[in-house]
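This report concerns only the one structure given below.
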Amino acid sequence: MNHTPYPVVLDACVLYPSFLRDLLIRLGLTGLYQPKWSATIEDEWQRNLLANRADLTPEQIQRTAVLMNTALPDAMITGFEPLIDSVDLPDVDDRHVVAAAVRSNAEIIVTFNLKDFPAPALDAFGIEALHHDDFVMDLFDLNRSLVLSAVTTQRSNLRKPPMSVDDYLEALLR
């Protein structure tokens, strides 16, 4: 059973790790949901990756961003900036994420940093912050076949080095 895909904002922290980013993109490509991000979110994960991974060049990171935006041309959210000041969060630097969610009509923000997106602050906008594990499990409950297909495709594309099923599951747990 297929469902109309709903928009979901992916926070920079879940786009930063390549393994998780790849899985979330692949799940979006199945049509289970519409991955969304803004240039601000994109800049944040790229900037942090470049700062923390000396083995990566700006060109490599930019290539990844181009591939993401090519694969999901409707993912980029614009026009959210005027909404930022209306958002009240513990960390003012995260307000842009909620503003992007409001602008894209997303009801979910996928993030590691649940404490930075407290429910009372998000309730006013009809938005919920979900940990990526919970989000993937929700997608699995929605359509196991599509999630398993995305996971199988991701695992089969891992060639340097190739991963066994057990190694893949261990990497997901990390």
Next item on the list: Can you measure from CE (Met76) to OG1 (Thr78) and round to the nearest 0.5 angstrom?
Entry: 9.0 Å
Check: Considering all heavy atoms of both residues, which atom of Gly79 and which atom of Pro82 are nearest to each other, and what is their separation?
Finding: O-CD, 3.6 Å
Margin query: Ignoring hydrogens, what is the shortest heavy-atom contact between Leu27 and Ala150? Give both atom names and the distance.
Written below: CD2-CB, 3.7 Å
Note to self: Between Asn113 and Lys115 (side chain of the first, backbone of the second, donor and acceptor by atom type, cut-off under 3.5 Å), is there such a pair?
What the structure shows: no
Notebook entry, point to check: Taking all non-hydrogen atoms of both residues, which atom of Ala101 and which atom of Val9 are closest, and how far apart?
Noted result: CA-CG2, 3.5 Å
Check: Going only through I, L, V, M, F, W and Y residues with side-chain contacts under 4.5 Å, is there a path from Leu142 to Val147?
Finding: yes
Identify all side-chain donor-acceptor contacts of residues 84-95 below 3.5 Å with residues at least two apart in sequence or on another chain.
unit_1, atom_1, unit_2, atom_2, d
Ser86, OG, Leu83, O, 2.6
Asp91, OD1, Asp93, N, 2.9
Arg95, NE, Val92, O, 3.2

Checklist line | Test item: Asp22 side-chain N/O and Ser18 main-chain N/O as donor-acceptor pair under 3.5 Å | finding: no
Next item on the list: Assess whether atom CZ of Arg63 is packed by more than 12 heavy atoms of other residues, nucleotides or ligands within 6.0 Å.
Entry: no
Next item on the list: Output the distance between atom CD1 (Ile61) and atom CG (Leu50), rounded to the nearest 0.5 Å.
Entry: 4.5 Å
Item checked: Any donor-acceptor pair under 3.5 Å from Arg21 side chain to Tyr16 backbone -> yes
Note to self: In the structure I gave you, are the side-chain heavy atoms of Thr40 and Phe80 within less than 4.5 Å of one another anywhere?
What the structure shows: yes
Next item on the list: Kindly say whether Thr57 contributes a backbone atom to a donor-acceptor pair with the side chain of Gln60 at under 3.5 angstrom?
Entry: yes
Checklist line | Note, Ile41 side chain near Glu44 side chain (heavy atom, < 4.5 Å) | finding: no
Notebook entry, point to check: Once you round to the nearest 0.5 Å, how far does OG1 of Thr111 lie from CG of Leu130?
Noted result: 10.0 Å
Note to self: Side chains of Asn69 and Trp37, heavy atoms from C-beta outward: is any pair under 4.5 Å?
What the structure shows: yes
Checklist line | Nearest-0.5 Å distance, CG of residue Asp133 to CZ of residue Phe135 | finding: 12.0 Å
Next item on the list: Check whether more than 12 heavy atoms from other residues, nucleotides or ligands sit under 6.0 Å from atom CZ of Arg103, and answer yes or no.
Entry: no
Next item on the list: Measure up the Tyr33 and Tyr6 rings against each other and bin them: parallel (under 30°), tilted (30 to 60°), perpendicular (over 60°).
Entry: tilted
Note to self: Taking Leu29 as the starting point, is it possible to reach Leu139 by hopping between hydrophobic residues whose side chains are less than 4.5 Å apart?
What the structure shows: yes
Checklist line | Side-chain heavy-atom pair Leu24, Pro35 within 4.5 angstrom cut-off | finding: no
Note to self: For the backbone of Ile109 and the side chain of Lys36, can you confirm whether one donor and one acceptor N or O come within less than 3.5 Å of each other?
What the structure shows: no
Next item on the list: Check for a donor-acceptor pair, side chain of Asn143 on one end and backbone N or O of Leu146 on the other, with a separation under 3.5 Å.
Entry: yes
Next item on the list: Examine Phe19 and Leu67 and state if one hydrophobic cluster contains both, with Ile, Leu, Val, Met, Phe, Trp and Tyr joined whenever side-chain heavy atoms are less than 4.5 Å apart.
Entry: no
Next item on the list: Give the C-alpha distance, both sets of side-chain angles, the deciding distance and a yes or no for side chain to side chain contact (heavy atoms under 4.5 Å, CB included) between Ile127 and Glu107.
Entry: CA-CA 4 Å; Ile127 297 171; Glu107 296 177 8; 5.6 Å; no
Next item on the list: Could you check if a side-chain atom of Trp45 sits within less than 4.5 angstrom of a side-chain atom of Asp11, using non-hydrogen atoms only?
Entry: no
Margin query: Return the CZ to CG distance between Arg53 and Leu49, rounded to the nearest 0.5 Å.
Written below: 6.0 Å
Next item on the list: To the nearest 0.5 Å, tell me how far Ile25 CD1 sits from Thr64 OG1.
Entry: 10.5 Å
Margin query: Using the rule that Ile, Leu, Val, Met, Phe, Trp and Tyr join whenever any side-chain heavy atoms are under 4.5 Å apart, tell me whether Leu114 and Val8 fall into a single cluster.
Written below: no
Notebook entry, point to check: Any side-chain heavy-atom pair from Phe140 and Leu148 closer than 4.5 angstrom?
Noted result: yes
Check: In terms of heavy-atom contacts, does CD of Glu42 have more than 12 from other residues, nucleotides or ligands at under 6.0 Å?
Finding: yes
Notebook entry, point to check: Would you say the side chain of Phe112 lies within less than 4.5 Å of the side chain of Leu20, judging by non-hydrogen atoms?
Noted result: yes
Check: Would you call Glu128 and Leu122 a side-chain contact if the rule is heavy atoms closer than 4.5 Å?
Finding: no
Margin query: Looking at every non-hydrogen atom in both residues, tell me the closest pair between Ala65 and Gln46 and how far apart they are.
Written below: CB-NE2, 3.0 Å
Margin query: Minimum heavy-atom separation for Ser104 and Pro7, please, with both atom names.
Written below: O-CG, 3.4 Å
